[in-house]
K.L.:
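Handing you this structure, nothing more for now.
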Amino acid sequence: MDPGFMAERAIDPSTSAARWVVADSLTLELHLEASMFITSLRARDLSPNTERAYAGRVALYLSYCSGQRLDWRMPSFLSLSGFQRWLVTEPLPPRGHRARAGRPVVRSQNTANAVMTAVASFLRFCVANGWVQPSVAGLLSQPKYLMQCPSRLRRWEA
């Protein structure tokens, strides 16, 4: 799959500071919502490394949606699970990744989970700003119920 979007380091002309943005890989046009999400990470005083990682992960999601002809603003449960499955089955580009004993190199499940965490955070940000339907937020989390109370909390039981 040809990348439709990429994470790129840009220089802010007003401050000369380096900033991470998400841009179309052909036109270099900024993806407004994704770049504003990265800006929000900076505003929360997160690490520049977090900005860089999240920019790349969101760009990967947007590229996947573009390649699959999906509207990134309206993901279904099946499209999100398809994206996660794609993350662990699609071979990585050959840049510096050698095949191991003739097998292509793929992402680990832990890496796929990290990508999905960034994508979920991006989509929640978009819901909060009215760019994505609120129903999408329900796809990203579900309540968990404990079968047993942890021992450190039992002392407060009546």
Side-chain angles (χ1 to χ4, degrees), residues 1-10 19-44 46-148 150:
M1 179 176 82
D2 292 338
F5 292 90
M6 63 182 183
E8 192 63 43
R9 204 176 90 161
R19 305 287 188 208
W20 285 95
V21 295
V22 177
D24 185 292
S25 61
L26 296 177
T27 65
L28 299 182
E29 183 178 332
L30 292 183
H31 189 281
L32 180 64
E33 295 89 347
S35 295
M36 289 181 74
F37 169 66
I38 302 305
T39 300
S40 79
L41 299 177
R42 189 175 320 117
R44 292 181 357 208
L46 296 179
S47 161
N49 290 332
T50 302
E51 283 184 45
R52 178 183 50 81
Y54 273 42
R57 292 168 183 171
V58 169
L60 186 61
Y61 169 70
L62 295 171
S63 296
Y64 172 81
C65 288
S66 176
Q68 299 292 318
R69 301 186 192 279
L70 299 170
D71 184 353
W72 69 266
R73 293 174 193 88
M74 297 173 42
S76 66
F77 177 79
L78 290 177
S79 65
L80 288 173
S81 64
F83 175 58
Q84 186 164 18
R85 186 174 40 260
W86 177 85
L87 287 169
V88 296
T89 59
E90 182 68 19
L92 292 170
R95 303 175 302 195
H97 297 285
R98 279 184 279 159
R100 295 183 194 138
R103 293 181 320 210
V105 177
V106 295
R107 291 174 192 87
S108 69
Q109 187 61 52
N110 286 342
T111 300
N113 290 342
V115 171
M116 291 304 290
T117 298
V119 169
S121 184
F122 168 61
L123 290 172
R124 282 191 199 99
F125 174 81
C126 291
V127 167
N129 284 284
W131 303 321
V132 171
Q133 293 296 318
S135 60
V136 171
L139 298 173
L140 304 173
S141 63
Q142 63 186 38
K144 292 189 177 184
Y145 301 100
L146 297 175
M147 297 302 286
Q148 294 182 355

K.L.:
Does any part of the side chain of Val119, heavy atoms only, come nearer than 4.5 Å to the side chain of Leu60, both counted from C-beta?
P.N.:
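No, their side chains stay 4.5 Å or more apart.
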
K.L.:
Would you say CZ of Arg9 has more than 12 non-hydrogen atoms from neighbouring residues, nucleotides or ligands within 6.0 angstrom?
P.N.:
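It does not: Arg9 CZ has 12 such atoms or fewer within range.
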
K.L.:
Taking all atoms of both residues into account, what is the closest heavy-atom pair of Thr89 and Val106, and its distance?
P.N.:
O-CG1, 3.7 Å

K.L.:
Which residues pass the side chain to side chain donor-acceptor pair (under 3.5 Å) test with Arg42, not counting sequence neighbours?
P.N.:
Glu51

K.L.:
Against Tyr61, only a single residue in Phe5, Phe37, Phe83 fulfils ring pair (Phe, Tyr, Trp, His ring centres under 6.0 Å); can you say which?
P.N.:
Phe83

K.L.:
Can any side-chain N or O of Arg107 pair as donor or acceptor with the backbone N or O of Leu87 at less than 3.5 Å?
P.N.:
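At least one qualifying donor-acceptor pair exists.
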
K.L.:
Could you report the tightest heavy-atom contact between Ala55 and Val22, atom names first, then the distance?
P.N.:
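Nearest heavy atoms, Ala55 then Val22: O-CG2, 3.6 Å.
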
K.L.:
What side-chain hydrogen bond (donor to acceptor under 3.5 Å, both in side chains) pairs are there with at least one residue in residues 109-127, not counting sequence neighbours?
P.N.:
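Residue pairs passing side-chain hydrogen bond (donor to acceptor under 3.5 Å, both in side chains), neighbours aside: Gln84-Asn113, Ser108-Thr111, Gln109-Asn113.
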
K.L.:
Kindly say whether the aromatic ring centers of Tyr54 and Phe122 come within a distance under 6.0 Å.
P.N.:
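Distance test on ring centres: not under 6.0 Å, no.
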
K.L.:
Between Pro75 and Leu123, which heavy-atom pair has the shortest distance, and what is it?
P.N.:
CG-CD1, 4.0 Å

K.L.:
Answer yes or no: is there a side-chain heavy-atom contact under 4.5 Å between Asn129 and Met36?
P.N.:
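In short, these two side chains do not touch, never coming nearer than 4.5 Å.
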
K.L.:
Please find out if less than 6.0 Å separates the ring center of Tyr64 from that of Trp72.
P.N.:
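Not close enough - the centres of the two rings lie 6.0 Å or further apart.
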
